[in-house]
Amino acid sequence: MANVAALPILLKELHLGAMARQWEVLQDEALANHWTLAHYLTVLCENEVAHRHTQRLQRYRQESHLPAAKTLSQFDFGACPQANSTQLAQLAHNADWVERADNLLLFGPSGVGKTHLAAAIGHGLIEQGQRVYFTPTTQLVQQLQVAKRELKLPEALARLDKYEALILDDIAYVKKTEMETSALFELIAHRYESGSLIITSNQPFSEWDSIFSDNMMTVAAIDRLVHHAQIIEIQGESYRKMQSLRRKKQG
Ligand code: ADP
Ligand code: MG
């Protein structure tokens, strides 16, 4: 004879949290509606799976460091006619390119929405079950530089492997010192054909000599980045500037 009183403990031991919370309420529903035992069990399992899915997405969102409000629905495409909404929605809602470890490069002057769009794509990818990490490039490069100094760069790079997409915001802000740029180069080489990079830059490739220590490294980095990549250029006025002009007009 099974000890039904032990069920809550058994469910807890099996880490079936949603089931532990719901089995009694659903049992009443099952009896009231004459569900078969298999029907009852299926509903319990479905709820457990749905609960885990929600929790996983929550965890992915938290670890991503993505700015929460920067989503595609918050992006005003009317204010940015340069941006191809279909292409951007496709990038956010279909993760095939991330599964292929392709890259995405967003270019354009300051304030046109590059960071917002990169983050919005990141949010979309998380919804598709991908793990994403958003970071100002300088911050990550500094961390990698410390790791390199401690001879732990391979481990630091490997720790990033769990993220299918790594968003490097403002790559052109990286200062040109030998150690920093070689850590950045090693990151790019490490991710090549194994994990996606989403990069924003207010400097075109022709100016990237100021990021990497020598011309050969610049060429080698760009070569790896663009081999499997989509490149989006956004021109136009700074959104911040347009908004402050509009406020002045209204005021
Ligand atoms: P960039 O990274 O190109 O310098 P940001 O993405 O940081 O620009 O955009 C600057 C600010 O303006 C952010 O707060 C961003 O959310 C907002 N913004 C830019 N473009 C748009 C847009 N088309 N619709 C809504 N908000 C926008
Ligand atoms: Mg930005």
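Heavy-atom basis, side chains included; hydrogens, waters and symmetry copies ignored. Everything numeric in this text was worked out from a predicted model, so none of it was measured. Every number for a ligand or one of its atoms is a count from 1 in the order of the listing.
Taking only non-hydrogen atoms, the option from Gln74, Gln82, Lys70 nearest to atom 14 (O) of ligand 1 is Lys70.
Contact between Gly108 and ligand 1 is absent, with no heavy atom of the residue lying under 4.0 Å from the ligand. By the 4.0 Å heavy-atom criterion, Ala119 is excluded from the residues contacting ligand 1. Taking 4.0 Å as the cut-off, Val112 counts as a neighbour of ligand 1 on heavy-atom distance.
The existence of a salt bridge linking Glu233 and Lys114 is excluded, since no basic side-chain nitrogen approaches an acidic carboxylate oxygen closer than 4.0 Å.
Remark: the His190 side chain and the Asp161 side chain contain an N/O donor-acceptor pair separated by less than 3.5 Å.
Among all non-hydrogen protein atoms, the one lying nearest atom 6 (O) of ligand 1 is His116 N, 2.8 Å. Nearest to atom 4 (O) of ligand 1 among the protein's heavy atoms is Gly111 N, 2.7 Å. With respect to atom 10 (C) of ligand 1, the closest heavy atom belonging to the protein is Arg240 NH1, 3.4 Å. Nearest to atom 26 (N) of ligand 1 among the protein's heavy atoms is Tyr239 CE2, 3.3 Å. Looking only at protein heavy atoms, the nearest one to atom 2 (O) of ligand 1 is Thr115 OG1, 2.7 Å.
Under 4.0 Å from ligand 1, heavy atoms of Phe75 appear from its side chain as well as its backbone.
Under the 3.5 Å distance criterion, the side-chain polar atoms of Trp97 are matched with a main-chain donor or acceptor of Leu91. Of the possible polar contacts, none joining the His123 side chain to the Arg61 backbone as a donor-acceptor pair under 3.5 Å is found. The main-chain N or O of Leu160 is found under 3.5 Å from a side-chain atom of Arg191 such that the two form a donor-acceptor pair.
Of all the heavy atoms in Leu16 and Glu48, the pair that sits closest is C-OE1, 3.3 Å. The two atoms that bring Ile171 and Ser201 nearest to each other are CG2-CB, 3.8 Å, heavy atoms only.
Around NE2 of His53, the count of heavy atoms belonging to other residues, nucleotides or ligands within 6.0 Å does not exceed 12.
Numbered from 1 in the order shown, with element, the atoms of ligand 1 that lie under 4.0 Å from a heavy atom of Asp76 read 22 (C), 23 (N), 24 (N), 25 (C). Of all atoms in ligand 1, numbered sequentially from 1 with element shown, those under 4.0 Å from a heavy atom of Pro109 are 3 (O).
Contact check for Thr135 versus Tyr163: no side-chain heavy atoms found under the 4.5 Å cut-off.
Of the polar atoms of Gly113, at least one N or O is found under 3.5 Å from an N or O of ligand 1, judged by distance alone.
Residue contacts to the Mg ion (ligand 2): Thr115 brings an N, O or S atom closer than 2.8 Å.
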